[in-house]
Amino acid sequence: MASFVTYAGSSVGKKVLVALTGLLLLGFLIVHLLGNLTLLIPDDGEAFNHYAHFLEGLIHGWLIIAFEVGLIALFLLHGINAITVAWLDKERARPQKYAKVANAGGRSHKTLASRTMILTGPVILVFVILHVRMFKFADHPSVVYDGVQMKNLYAVVVDAFKNPAIMVAYLAVMFLLGTHLWHGAWSAFQSLGWNSDRHIRILTRISVAAAIILGGGFFILPPYIFFFVERGGH
């Protein structure tokens, strides 16, 4: 146990924790996007509301609470260790700043996305907090399907994205999410030792695909609702 704590507190251990928690959060984003894509179904929000109602009712609501607590823990572990690695460890290892910042080439994978990770991360965290506050703790109207009453979360989402300021803000953050995922996925593979010469190309492509598919998937939802969905129906 002591050796594990020592390893987790080391620079290498922190990087591995950032990688593992980052990949778990990536898995959450995949599931979350699949659920949110039901917003594109032209059924006045029935599929999306059923999806939200199903999640809230699992094990009488206890499963979603446990999942949310675990998600908060993942965010904290990921964020704290990422900041520690980016600032404290690098400052101790290299007190003198580089005179010039440039693409180092090769496996360093130093890009604009990598250099802005320390900025995009906190922005995404603040966004998640506001996102949860906006939708989870909003005043939800109710709707009835086949005799079952449930929250009309779809109406709340539509009302939010009909606001042009909210729509544009979401688009900006989804772009930042894409850049964060682009370097974050690649960096996670590297920290876990999966970036051998044999696999480097495919892992780079996976990282780019994650950024485009996930960032792009979330990106299309606000403008779709803003331009093509009417309040109270399609």
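Separation of atoms CG (L221) and CE (M167) is listed at 12.5 Å; rounding is to 0.5 Å. Note: L58 CG to H53 NE2 = 10.0 Å, rounded to the nearest 0.5 Å. In this structure, CG in N49 is found 8.5 Å from OG1 in T38, a value given to the nearest 0.5 Å. In this structure, the separation between CG on L214 and CG on L26 is 6.0 Å, given to the nearest 0.5 Å. Atom-to-atom distance recorded for T179:OG1 and I124:CD1 is 6.5 Å, nearest 0.5 angstrom. How far NE2 of H180 is from CG of L25: 8.5 Å, rounded to the nearest 0.5 Å.
Residues passing the side-chain hydrogen bond (donor to acceptor under 3.5 Å, both in side chains) test with S187, sequence neighbours excluded: none. Taking the side-chain contact (heavy atoms from CB on, under 4.5 Å) definition, one finds that V132 meets it with V128, K136, F137, sequence neighbours left out. Judged as a side-chain hydrogen bond (donor to acceptor under 3.5 Å, both in side chains), and not counting sequence neighbours, E46 has no contacts. Annotation: ring pair (Phe, Tyr, Trp, His ring centres under 6.0 Å) contacts of F75 (sequence neighbours excluded): none. Under the rule for a ring pair (Phe, Tyr, Trp, His ring centres under 6.0 Å), the partners of F67 that lie at least two apart in sequence or sit in another chain are F28. Taking L20 as the reference, V16, L192 meet the side-chain contact (heavy atoms from CB on, under 4.5 Å) condition, with sequence neighbours excluded. Among residues two or more places apart in sequence or in another chain, the side-chain hydrogen bond (donor to acceptor under 3.5 Å, both in side chains) test is passed with H78 by T21.
Within a 6.0 Å radius of CD1 in I202, other residues, nucleotides and ligands contribute 12 heavy atoms or fewer. A 6.0 Å sphere centred on CD1 of I213 holds no more than 12 heavy atoms belonging to other residues, nucleotides or ligands.
Checking side-chain atoms of N81 against main-chain N and O of K15 turns up no donor-acceptor pair under 3.5 Å. Of the possible polar contacts, one joining the S10 side chain to the G13 backbone as a donor-acceptor pair under 3.5 Å is found.
Of all the heavy atoms in V18 and A82, the pair that sits closest is CG2-N, 3.4 Å. The two atoms that bring G215 and L181 nearest to each other are N-CD1, 4.5 Å, heavy atoms only. Minimum heavy-atom separation, L37 to G217: CD2-O, 4.5 Å. Of all heavy-atom pairs between A52 and L153, the closest is CB-CD2, 3.9 Å.
L23 and L177 fall within the same hydrophobic cluster, where Ile, Leu, Val, Met, Phe, Trp and Tyr residues are linked whenever their side-chain heavy atoms come under 4.5 Å apart, directly or through other members. There is a path of hydrophobic side-chain contacts, each under 4.5 Å, that joins F218 to Y154. Under the 4.5 Å side-chain heavy-atom criterion for Ile, Leu, Val, Met, Phe, Trp and Tyr, F127 and I72 are members of distinct hydrophobic clusters. Note on V31: it does not cluster hydrophobically with L29, by side-chain heavy-atom contacts below 4.5 Å among ILVMFWY residues. I80 and L74 fall into different hydrophobic clusters, where Ile, Leu, Val, Met, Phe, Trp and Tyr side chains are chained together by heavy-atom contacts under 4.5 Å.
With a 4.5 Å cut-off on side-chain heavy atoms, N152 and S142 do not count as touching. At least one side-chain heavy atom of F48 sits under 4.5 Å from a side-chain heavy atom of N36. Between F189 and T204 the shortest side-chain heavy-atom distance does not fall below 4.5 Å.
Taking the six-membered ring for Trp and the full ring otherwise, the centers of F135 and H140 sit at least 6.0 Å from each other.
Under a 4.5 Å side-chain heavy-atom criterion applied to ILVMFWY residues, the cluster that includes V126 comprises L130 as well. Through side-chain heavy atoms spaced under 4.5 Å, either directly or across other Ile, Leu, Val, Met, Phe, Trp or Tyr residues, M150 is tied to V143, Y145, V148. Members clustered with V123: F175, L176, by chain and number, using a 4.5 Å side-chain heavy-atom cutoff among hydrophobic residues.
For the side-chain hydrogen bond (donor to acceptor under 3.5 Å, both in side chains) condition, the pairs that include at least one residue of residues 166-177, sequence neighbours left out, are H131-Y170.
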Report the C-alpha separation of I206 and W186 in whole Å, then their side-chain angles, then the decisive distance to 0.1 Å, and conclude whether the side chain to side chain contact (heavy atoms under 4.5 Å, CB included) test is met.
CA-CA 8 Å; I206 290 174; W186 190 93; over 6 Å; no

Would you be so kind as to tabulate the donor-acceptor pairs closer than 3.5 Å made by side chains of residues 155-162, with sequence neighbours excluded?
{"residue": "D159", "atom": "OD1", "partner": "R231", "partner atom": "NE", "Å": "2.9"}
{"residue": "K162", "atom": "NZ", "partner": "I225", "partner atom": "O", "Å": "3.2"}
{"residue": "K162", "atom": "NZ", "partner": "F226", "partner atom": "O", "Å": "2.9"}
{"residue": "K162", "atom": "NZ", "partner": "V229", "partner atom": "O", "Å": "2.3"}

